Amino acid sequence: MHRQSSLLLPTERQAPADAEAISHKLMVRAGLIRQVGSGLWSWLPAGWRVHERVVAIVREEMDAIGGQELLMPVLVPAEPWKRSGRYGIDELFKLRDRRDAELVLSMTHEEVVTTHVAQIVRSYRDLPLILYHFQTKERDEPRPRAGVLRTREFIMKDSYTFDRDAAGLEEGYRRHIAAYDRIFDRTGLEWYRVESDVGMMGGLGAHEYMAPCPAGENEVALAPGYAANVEVASAQARPVAELRLEGELHTPGMTTIEAVATHLGVDTGNLLKAFPVVTETRGLVTVFVRGDHRINDIKLRNALGEPFRPAEADELRGPAGFLGPTGTGVEVYDEAVTPGRYVAGANRPDYHVVVEVPGGERIDVRAVQPGDLVDGHPITVEPAIELANIFKLGTRYSEPLRATYLDEEGREQLVWMGSYGIGPARIAAAAVEQFADEHGIAWPRSIAPWDVHVVALGQEGELAAAQALGADIEAAGLSVLLDDRPLRPGEKFADAELLGCPLRLTVGRRALESGQAEVQVRRGRESRDGIPLQGGAPAVVELWRSLP
RNA sequence: CGGGGAGUGGCGCAGUCUGGUAGCGCACCCGGCUGGGGGCCGGGCGGUCGCAGGUUCAAAUCCUGUCUCCCCGACCA
């Protein structure tokens, strides 16, 4: 049982002036975290308890699918990163030691773990393997933000699967999905799994686990039976009525879709929007999307199969704002541009023209938007925090780092890999975001810093009774924080609600008189029937088990 | 990297425009009164105003440089 009088739990009445996100404000106010520098945070005792409860859940589920825990260093030689091709990543911290040897601070551990496997695994008999660790990751983020939601240093559980082939990878991936689903169910969060882009990890496929909340940095497209990061989401565009206009249209100075559509009295979806880009192998490429749509940079990059940059003004084939199809050069159309007539730029100033867009090849490069349809259902787009990310890497790392094995026929084969990350800090922050109210945090019971907060009002018989009750509850298997501080009730209640333990028991004069501690459930601040001071522990356990 | 904002006791702020040797609330310490939702009274401790240089008789305040932090965007697991 922890006594609050001697606990380092620096609660604050006011949030830091520059904090915006709920979790940032409340985790600081509740005394869980303190800032060291931009994107660098210390976890104070109560906050660390939350973090470690999350870690314990993750560890149990990883062990349950056959994961083997190990530990790899943060500081590692640069050489494997050069071999894997990730040395050039801007977010990678690079440094030199006193002998001028190049080192990096790991942002994930594919290079290291793959190097080990390359040395150790010889035979198909050594596979499959699931290896994982909890380790500090270092990333030179362009913009850390929102408390512990996006930091430059954080602890991640990353696991890696090693299999003989694609079928084995699928099995490892499937197991991780099962484990992660259980982990997030156990954390008590609202969450969903979405399809995602493979990003800097490279590879064959990926999913993310998301927690919806306003502070989220990602956007997720949702429809019944469908959930995808907007980075990769696809949906059917809303239909647009046929265009009635013909020929050339005088549109003086109208360089925006909105201006042209308003002037002509047509739907913005009747317009064609030109998005000229330049790629290394193709040069100038003009991408056309419907006027009411936007380009999704990630989808476009994936569709082109190479990076691109927006074209500069002097690279265009016409005046900016009046670009349209020319029938020459590389011109591609988004999927939502169905064959038919559109208002497009006339490639000369102050004129648009109605063009007939034929059928033909299409690429899916637009950003989905609310109201688009999936299986006939309109999608919604909402912000969410990315809590975990899983990738099918295939041979992305085993090939450059030469992780191979000999099969039954004695042939050398590449190991197939998967990579699976999860961020305990973000899980904690997401829980704060999702369940806080105007009084403070309301932890899910599985990750609260303590299961029960026993608040003693008064320093004599009340404190002795509270302590005895707390001891009984601990003996029954729950963790207890005892507020034994000589403060006024208001301050103690306010601190308890700020900290957010799921169950609060109050032992004051009334309790001594009635023989029952008062009970408040933090989520909803609901009062419940009193708990006997003597022999009440089983009832506390039962009540606690019923909480979210 | 682009745009915006901020650095003054532990926290939140005023003072800067108009230069004169630092103030308020909370917290903290001591005493007293209180005692079930951040109570009251009295007395205290604590800051060379991010840092460096300059102007001036005099700089938190004016000038130059620099560091740090936050927010929005870009980017990013």
Side-chain angles (χ1 to χ4, degrees), chain A residues 8 10-21 24-25 28-29 31 34-41 86 89-92 106-110 137-147 149-158 196-203 206-210 215-218 229 231 297-298 301 307 309-310 384-391 393 419-423 425-426 438-440 455-460 462 466 483 485-498 504-514 517-518 520 525 527:
Chain A
L8 183 69
T11 57
E12 298 285 349
R13 284 179 86 136
Q14 286 161 311
D18 45 28
E20 290 288 325
H24 182 185
K25 291 179 182 171
V28 172
R29 282 193 57 209
R34 278 287 163 108
Q35 185 165 23
V36 176
S38 180
L40 301 170
W41 292 83
R86 293 209 299 170
I89 293 173
D90 288 336
E91 282 71 27
L92 183 65
S106 294
M107 46 200 299
T108 60
H109 280 77
E110 279 81 1
K137 308 296 171 184
E138 308 282 353
R139 298 186 186 179
D140 193 0
E141 285 293 336
R143 189 157 100 78
R145 61 175 290 273
L149 275 184
R150 180 165 217 85
T151 56
R152 294 196 290 175
E153 174 177 298
F154 60 98
I155 291 172
M156 180 164 90
K157 186 289 296 176
D158 40 326
S196 71
D197 187 56
V198 294
M200 73 166 184
M201 309 293 298
H207 287 85
E208 291 165 334
Y209 285 78
M210 296 284 199
E217 302 184 276
N218 294 86
N229 193 317
E231 290 174 351
D297 288 358
I298 292 171
R301 187 196 66 204
R309 62 172 173 83
I385 300 176
E386 180 188 332
L387 303 174
N389 210 326
I390 59 179
F391 298 88
L393 295 174
S419 160
Y420 315 83
I422 193 164
R426 282 193 176 175
E438 63 273 29
H439 300 279
V455 177
L457 304 180
Q459 289 297 293
E460 319 245 320
E462 295 93 340
D483 190 351
R485 299 172 303 169
L487 298 178
R488 303 176 63 80
E491 292 174 76
K492 303 180 107 175
F493 293 146
D495 274 350
E497 283 165 7
L498 185 56
R504 186 183 85 201
L505 305 181
T506 304
V507 181
R509 181 168 298 155
R510 290 177 202 162
L512 292 188
E513 284 164 4
S514 67
E518 287 126 285
Q520 190 212 56
R525 298 174 79 223
S527 290

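As the structure is a prediction and not an experimental result, all values here were calculated from the model. Hydrogens, waters and symmetry mates are skipped; everything else that's a heavy atom, side chains included, is used. Reminder, nothing fancy here: chain letters follow the sequence lines and each chain counts from 1.
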If you look at every heavy atom in [X] and [Y], which pair is closest and at what distance?
X      : Y      : result
A:R426 : A:L387 : O-CD2, 3.5 Å
A:L498 : A:R29  : CD2-O, 3.4 Å
A:F391 : A:A206 : CD2-CB, 3.7 Å
A:A384 : A:M210 : CB-CB, 3.9 Å
A:P142 : A:E91  : CD-OE2, 3.6 Å
A:Y209 : A:I390 : CE1-CD1, 4.2 Å

Among the nucleotides [options], which one has an atom lying closest to any side-chain atom of [X]?
X      : options             : result
A:R139 : B:G39, B:A77, B:C11 : B:A77
A:A494 : B:G25, B:G38, B:A77 : B:G38
A:E91  : B:C75, B:C71, B:C70 : B:C75
A:D297 : B:C75, B:C70, B:G10 : B:C75
A:L457 : B:C11, B:G38, B:G36 : B:G36
A:F154 : B:G38, B:C11, B:A77 : B:A77
A:R13  : B:C13, B:G39, B:C75 : B:G39
A:P142 : B:C70, B:C75, B:G39 : B:C75
A:R510 : B:G36, B:C69, B:C26 : B:G36

By nearest heavy atom, map A:G147 and A:N218 onto RNA chain B; which one lands nearer the 5' end? A:G147

Nearest-nucleotide 5' precedence on RNA chain B, A:A511 against A:P16: A:P16

[X] [atom1] - [N] [atom2] separation (whole Å):
X      : N     : atom1 : atom2 : result
A:E12  : B:G12 : CD    : P     : 8 Å
A:K25  : B:G12 : NZ    : P     : 13 Å
A:L8   : B:A27 : CG    : C1'   : 15 Å
A:E438 : B:G38 : CD    : P     : 16 Å
A:N229 : B:A77 : CG    : P     : 11 Å
A:M210 : B:A77 : CE    : C1'   : 10 Å
A:W41  : B:C69 : CH2   : P     : 12 Å
A:H24  : B:C11 : NE2   : P     : 13 Å

Separation of the [atom1] atoms in [N] and [M], to the nearest angstrom:
N     : M     : atom1 : answer
B:A59 : B:U16 : C1'   : 10 Å
B:G15 : B:G54 : P     : 29 Å
B:C1  : B:U66 : P     : 13 Å
B:A27 : B:C70 : C1'   : 24 Å
B:C49 : B:A22 : P     : 11 Å
B:C28 : B:G36 : C1'   : 25 Å
B:A60 : B:G23 : P     : 13 Å
B:C45 : B:C29 : P     : 15 Å

Remember a base hit wins even if backbone is also touched, and classify [X] as base, sugar-phosphate or nothing at under 4.0 Å, heavy atoms.
X      : answer
A:D90  : nothing
A:E217 : nothing
A:G508 : base
A:E20  : sugar-phosphate
A:R29  : base
A:A15  : sugar-phosphate
A:R485 : nothing
A:P10  : nothing

Using only modelled atom types and a 3.5 angstrom limit, is any donor from either the side chain of [X] or the base of [N] paired with an acceptor on the other?
X      : N     : answer
A:R143 : B:G2  : no
A:E141 : B:A77 : yes
A:E491 : B:G37 : no
A:E497 : B:G37 : yes

Using Watson-Crick or G-U wobble geometry with both distances below 3.5 Å, tell me the partner of [N], or none.
N     : result
B:A6  : B:U68
B:C49 : none
B:C33 : B:G39
B:G73 : B:C1
B:A60 : none
B:A14 : none

Using side-chain hydrogen bond (donor to acceptor under 3.5 Å, both in side chains) as the criterion, list what pairs up with A:N389, not counting sequence neighbours. A:E386

Indicate whether OP1 or OP2 belonging to [N] is found under 4.0 Å from a side-chain N or O atom of [X].
X      : N     : answer
A:S38  : B:U68 : no
A:Q35  : B:C70 : yes
A:R145 : B:C72 : yes

Going by atom types alone, do A:S527 and A:E518 pair a side-chain donor with an acceptor below 3.5 Å?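 Looking only at side-chain atoms, A:E518 and A:S527 do not form any donor-acceptor pair under 3.5 Å.
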
Any luck finding a side-chain donor-acceptor pair between A:E153 and A:T151 under 3.5 Å? no

For the pair A:E20 and A:K25, find out whether any cationic side-chain nitrogen is under 4.0 Å from an anionic carboxylate oxygen. no

Could you give me the CA-CA distance, side-chain angles and deciding distance for A:E497 and A:R504, then say whether salt bridge (charged side-chain N to carboxylate O under 4.0 Å, His left out) is met? CA-CA 9 Å; A:E497 283 165 7; A:R504 186 183 85 201; 3.0 Å; yes

Side chain to side chain contact (heavy atoms under 4.5 Å, CB included) with A:E141: which of A:R139, A:E138, A:R145? A:R139

Between the protein and nucleotides 32-35 of chain B, list every N/O to N/O distance that falls short of 3.5 Å.
residue, atom, partner, partner atom, Å
B:U34, O2, A:R488, NH1, 2.7

